[in-house]
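It should be emphasised that the depicted structure is a prediction, and the values quoted were computed from it without experimental measurement.
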Amino acid sequence: WPWLEGLPVWRTQRGPSRFLFLTLFCFTIVAALGVQRLKETWPRARRWGAPLLVGLAVCIGADLLWQSLRWQHAVTGPALHAGDHRPKPLRLSGTFGASAELVDFAPNRLVYRATATQDSRVRFPFRLGEGTREWRVDGLPAMTDRGKLAVDLPAGERDIVMIYRPEFFHAGAGTTAATVLLLLVSEVHTAWRKRT
């Protein structure tokens with residue numbers, strides 16, 4: 001609505017907004033029919049009509065942008081501060097003095113450097129998932145400990161790589177790829193039929 005109020009002629013109108021929206025809708029349909037009629041009846045309109053419409057749209061867009069800057073800044077307020085989205089705590093303590101520290105972080109991949117003097121267990125700050133195992137732990141069996149993902153560590157130092165994959169991730173990716181392939185084949189087939 002603030003963008004509509006910023007239109008050059010539109011902002012001079014005063015009335016209930018429900019009537020103005022209906023009027024704008026009707027005006028848009030009539031304008032589209034007028035442009036089509038102009039193109040059909042006046043052949044020269046094809047040359048200058050499109051550039052004129054594009055220029056008009058650019059001018060209206062620029063005016064809308066200029067008029068809306070004030071309320072955009074007022075509504076959005078100051079910029080949000082960048083936050084640390086790594087799972088907390090960054091350093092975990094396990095049984096028998098074992099520890100694990102987050103050394104690499106990506107939205108679907110975590111790497112913890114774990115150290116244990118003997119066979120131990122470390123519990124991580126996220127759930128493993130009931131029935132389905134969203135987290136894949138490279139090289140170590142994952143289990144649930146008090147609702148959280150836990151790993152049994154052998155003695156020594158190692159990196160624990162954890163990858164998050166939803167249950168139907170591969171099925172969804174395969175369906176998307178098949179759909180894109182089907183659309184491409186359909187387009188190629190349609191183009192081939194038009195040529196023959």
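- Nearest heavy atoms, A98 versus S120: CB-CB, 3.4 Å.
- Counting heavy atoms from C-beta on, the side chains of I160 and V137 come closer than 4.5 Å.
- Remark: L149 CG to T144 OG1 distance equals 7.0 Å, nearest 0.5 Å.
- Taking CG of D63 as the reference point, atom CD1 of I60 lies at 8.5 Å (rounded to 0.5 Å).
- Clustering ILVMFWY residues whenever any of their side-chain heavy atoms sit less than 4.5 angstrom apart, transitively, puts V161 in a cluster other than the one holding Y112.
- Heavy-atom neighbours of K88 NZ from other residues, nucleotides or ligands within 6.0 Å: above the threshold of 12.
- Residues A155 and D119 approach most closely at N-OD1, 3.5 Å, considering heavy atoms.
- When all heavy atoms of D152 and P154 are compared, the closest pair comes out as O-CD, 3.9 Å.
- Inter-residue side-chain proximity for F124 and M162 is flagged as met; some heavy-atom pair is nearer than 4.5 Å.
- L56 and F27 fall into different hydrophobic clusters, where Ile, Leu, Val, Met, Phe, Trp and Tyr residues are linked whenever their side-chain heavy atoms come under 4.5 Å apart, directly or through other members.
- Residues R121 and V151 have side chains not in contact (no heavy-atom distance under 4.5 Å, counting atoms from C-beta outward).
- Salt-bridge formation is not detected for the pair R113/E101: no Lys NZ or Arg NE/NH1/NH2 atom is positioned less than 4.0 Å from an Asp or Glu carboxylate oxygen.
- No side-chain heavy atom of S99 sits less than 4.5 Å from a side-chain heavy atom of L92.
- When hydrophobic clusters are built by joining Ile, Leu, Val, Met, Phe, Trp and Tyr residues whose side-chain heavy atoms come closer than 4.5 Å, directly or via intermediates, M143 is not grouped with F126.
- For the pair T176 (side chain) and G172 (backbone), a donor-acceptor distance under 3.5 Å is present.
- How far CH2 of W135 is from CG of L110: 4.0 Å, rounded to the nearest 0.5 Å.
- A 6.0 Å sphere centred on CZ of F168 holds no more than 12 heavy atoms belonging to other residues, nucleotides or ligands.
- I163 and V111 fall within the same hydrophobic cluster, defined by Ile, Leu, Val, Met, Phe, Trp and Tyr side-chain heavy atoms under 4.5 Å apart, directly or through other members.
- Expressed to the nearest 0.5 Å, how far CG of D138 lies from CZ of R158 amounts to 7.5 Å.
- Looking at L153 and L140, their side chains come closer than 4.5 Å, going by heavy atoms from C-beta outward.
- Linking Ile, Leu, Val, Met, Phe, Trp and Tyr whenever their side-chain heavy atoms come within less than 4.5 Å puts F105 and L90 in one cluster.
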